[in-house]
Amino acid sequence: MKSFSIAAYISGSGSNLRAVINSSLRGNISSKVRLVIANKVVSGLDYPKELGIETAVVSREEMQRTEFLKVQIELLEKHNIDLIILAGFLKKLPLEIVEKYSGRILNIHPALLPKFGGKGMHGMAVHKAVVEAGEEFSGPTVHFVDGKYDNGEILLQIKVRLIEGETPETLQKKVLEVEHKIYAEAIKLLEERE
Ligand code: GRF
């Protein structure tokens with residue numbers, strides 16, 4: 001069984017990251033989060049910082065492209081990262097990183113891909129689209145990352161049923177609760193495959 005050295009990329013509150021870290025602390029997965037990268041200063045950096053996990057803000061707006069890439073590669077190599085998880089990361093990973101870590105990058109999406117994915121489909125927009133389409137089910141998807149938004153092979157999905165009078169807000173809450181379980185489960189699946 002493999003134990004991954006994980007880097008997480010975030011853009012927000014990092015509740016999925018927190019759930020993965022806690023699963024690791026409880027020993028539910030043997031992999032460890034060693035590095036957290038955000039594209040701006042966000043509250044999701046606080047929890048890993050408290051635990052002494054290295055965090056970094058790497059912003060394309062503030063550096064040249066070559067520097068932007070170099071900083072990330074150096075951090076990933078420093079921590080011998082062999083699994084990258086995108087946890088509410090709203091930017092595209094540079095293609096060089098997608099290629100270098102091909103088959104080793106996961107994303108979590110709050111709907112049942114391949115439906116309700118793609119550019120601009122994040123946050124409440126996803127849940128609003130699901131409710132408006134009158135779907136019977138939604139639920140999170142963990143998938144491999146390739147060069148396109150929400151496009152790579154699906155690793156794990158869990159369905160939740162929409163109830164009468166479901167709103168985007170109630171659906172988001174319901175799906176997020178499941179997200180907090182499924183990301184660690186997906187990592188466990190990968191650990192067992194190795
Ligand atoms: C989650 O809904 C996730 O599926 C999506 O972005 C959200 C991130 O939430 N990719 P958090 O920052 O982990 O709380």
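First listed ligand is number 1; within each ligand, the first listed atom is number 1. One is the number of the first residue; the rest follow in order along the sequence.
For the residue pair Tyr9 / Gln72, a side-chain donor-acceptor distance below 3.5 Å is found, with atom types taken as modelled. Between the side chains of Glu54 and His79, at least one donor N or O lies within less than 3.5 Å of an accepting N or O.
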Notebook entry, point to check: Hey, mind stepping through Met63 and Val71 against side-chain contact (heavy atoms from CB on, under 4.5 Å) and telling me if it holds?
Noted result: CA-CA 10 Å; Met63 39 183 110; Val71 169; 4.2 Å; yes
Note to self: side chain to side chain donor-acceptor pair (under 3.5 Å), that's the test. Do Tyr47 and Asn22 meet it? Break it down for me.
What the structure shows: CA-CA 10 Å; Tyr47 189 55; Asn22 288 343; 2.5 Å; yes
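Among Asn151, Ile84, Ile105, Ile85, the one residue that satisfies the side-chain contact (heavy atoms from CB on, under 4.5 Å) test with Val145 is Ile105.
Criterion: ILVMFWY side-chain heavy atoms under 4.5 Å apart, direct or through other members. Under it, Ile37 and Leu45 are not part of a common hydrophobic cluster.
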Which pairs of nitrogen or oxygen atoms, taken one from ligand 1 and one from the protein, are under 3.5 angstrom apart?
| residue | atom | partner | partner atom | Å |
| --- | --- | --- | --- | --- |
| ligand 1 | 2 (O) | Glu179 | OE1 | 3.2 |
| ligand 1 | 2 (O) | Glu179 | OE2 | 3.0 |
| ligand 1 | 4 (O) | Ile108 | O | 3.4 |
| ligand 1 | 4 (O) | Glu179 | OE1 | 2.7 |
| ligand 1 | 4 (O) | Glu179 | OE2 | 3.4 |
| ligand 1 | 10 (N) | Ile108 | O | 2.8 |
| ligand 1 | 12 (O) | Gly14 | N | 2.9 |
| ligand 1 | 13 (O) | Ser15 | N | 3.2 |
| ligand 1 | 13 (O) | Asn16 | N | 2.8 |
| ligand 1 | 13 (O) | Asn16 | ND2 | 3.0 |
| ligand 1 | 14 (O) | Ser13 | OG | 3.0 |
| ligand 1 | 14 (O) | Ser15 | N | 3.0 |
| ligand 1 | 14 (O) | Ser15 | OG | 2.5 |

